[in-house]
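I have placed the structure first, in the form of structure tokens, so that the comments after it can refer back to it.
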Amino acid sequence: MSRKASHQPPELDPVIHPINRLKICATLFSAGATEGRQMKYGQLAELTELPADTLSKQLKHLGDHGYVSRTREYGSTRAKDAVWVTLTEAGAQAYAQHVEALKAMTEGL
């Protein structure tokens, strides 16, 4: 079976593709935690079932690529601080393109 050069499937995003980062982006996207809306770090950890250290490392990597942003809301003590996470516009677009690439692959395109 030959593939026409003009009909290339979309590329997988190597930043999003590792399973933990994909879980993070999928969770934020499906919860609507995109520009203008945020999700608490603790809730994200619970929904993705990722340990705090793993989640933090993966969020840093996604943040370094401009896919997520984190905001700290300072409480009266460090224990009362809240960290909010959002999928940026670039992150939401990259995630949507990644999902389309996965669909194209599974549909045999």
Side-chain angles (χ1 to χ4, degrees):
M1 179 192 297
S2 66
R3 183 176 293 194
K4 293 181 181 179
S6 63
H7 189 16
Q8 293 290 329
E11 293 286 322
L12 293 175
D13 188 314
V15 175
I16 294 175
H17 193 65
I19 192 67
N20 287 337
R21 290 185 220 141
L22 182 59
K23 285 170 69 172
I24 291 166
C25 291
T27 301
L28 292 170
F29 190 85
S30 65
T34 57
E35 290 298 321
R37 295 192 59 203
Q38 300 174 322
M39 177 181 282
K40 275 194 170 183
Y41 180 92
Q43 183 182 12
L44 182 59
E46 183 179 317
L47 292 172
T48 59
E49 299 180 339
L50 295 174
D53 59 337
T54 301
L55 179 58
S56 182
K57 180 179 178 181
Q58 298 307 319
L59 286 173
K60 180 177 180 350
H61 193 77
L62 289 165
D64 288 347
H65 287 84
Y67 289 178
V68 299
S69 66
R70 289 185 278 186
T71 307
R72 180 176 294 276
E73 185 178 282
Y74 294 95
S76 57
T77 65
R78 182 156 175 85
K80 293 182 181 180
D81 287 359
V83 176
W84 296 89
V85 183
T86 189
L87 195 60
T88 64
E89 184 177 333
Q93 288 176 352
Y95 172 73
Q97 289 171 350
H98 188 78
V99 169
E100 286 304 313
L102 288 170
K103 285 181 185 176
M105 289 175 69
T106 60
E107 293 170 357
L109 297 177

Distance col, row Glu49:CD vs Thr27:OG1, nearest 0.5 angstrom, shows 9.5 Å

same_hphob_cluster(Val83, Leu47) at 4.5 Å side-chain heavy-atom cutoff: yes

Quiz item: Is the backbone of Val15 close enough, under 3.5 Å, to the side chain of Arg21 for a donor and an acceptor to pair up by distance?
Solution: yes

With a 4.0 Å cut-off, would you call Lys57 and Asp53 a salt bridge? no

Task: Contact check, side chains of Trp84 and Met39, non-hydrogen atoms, under 4.5 Å - done: no

Practice item. Using a 4.5 Å cut-off on heavy atoms from C-beta on, say whether the side chain of Thr54 contacts that of Thr48. Key: no

### Task
Decide yes or no for Val85 and Gln38: does some side-chain heavy atom of the first lie under 4.5 Å from some side-chain heavy atom of the second?
no

Inset, instruction - Kindly indicate, with the supporting measurements, whether the criterion side chain to side chain donor-acceptor pair (under 3.5 Å) is fulfilled by Asp13 and Tyr67. - result: CA-CA 11 Å; Asp13 188 314; Tyr67 289 178; 2.7 Å; yes

**Request:** Using a 4.5 Å cut-off on heavy atoms from C-beta on, say whether the side chain of Leu12 contacts that of His98.
**Result:** yes

Distance col, row Asn20:CG vs Leu55:CG, nearest 0.5 angstrom, shows 9.0 Å

query: Heavy-atom distance under 4.5 Å between the side chains of Ser56 and Arg70, does that happen here?
result: yes

Run Tyr95 and Leu22 through side chain to side chain contact (heavy atoms under 4.5 Å, CB included) and show every step you take.
CA-CA 8 Å; Tyr95 172 73; Leu22 182 59; 3.9 Å; yes

Residue set satisfying side-chain contact (heavy atoms from CB on, under 4.5 Å) with Ser69, at least two apart, ordered chain then number -> Thr86, Thr88

When rounded to the nearest 0.5 Å, the distance separating SG of Cys25 from CG of Leu62 is 4.5 Å

If we only count heavy atoms from C-beta on, is the Leu28 to Thr34 side-chain gap below 4.5 Å?
no

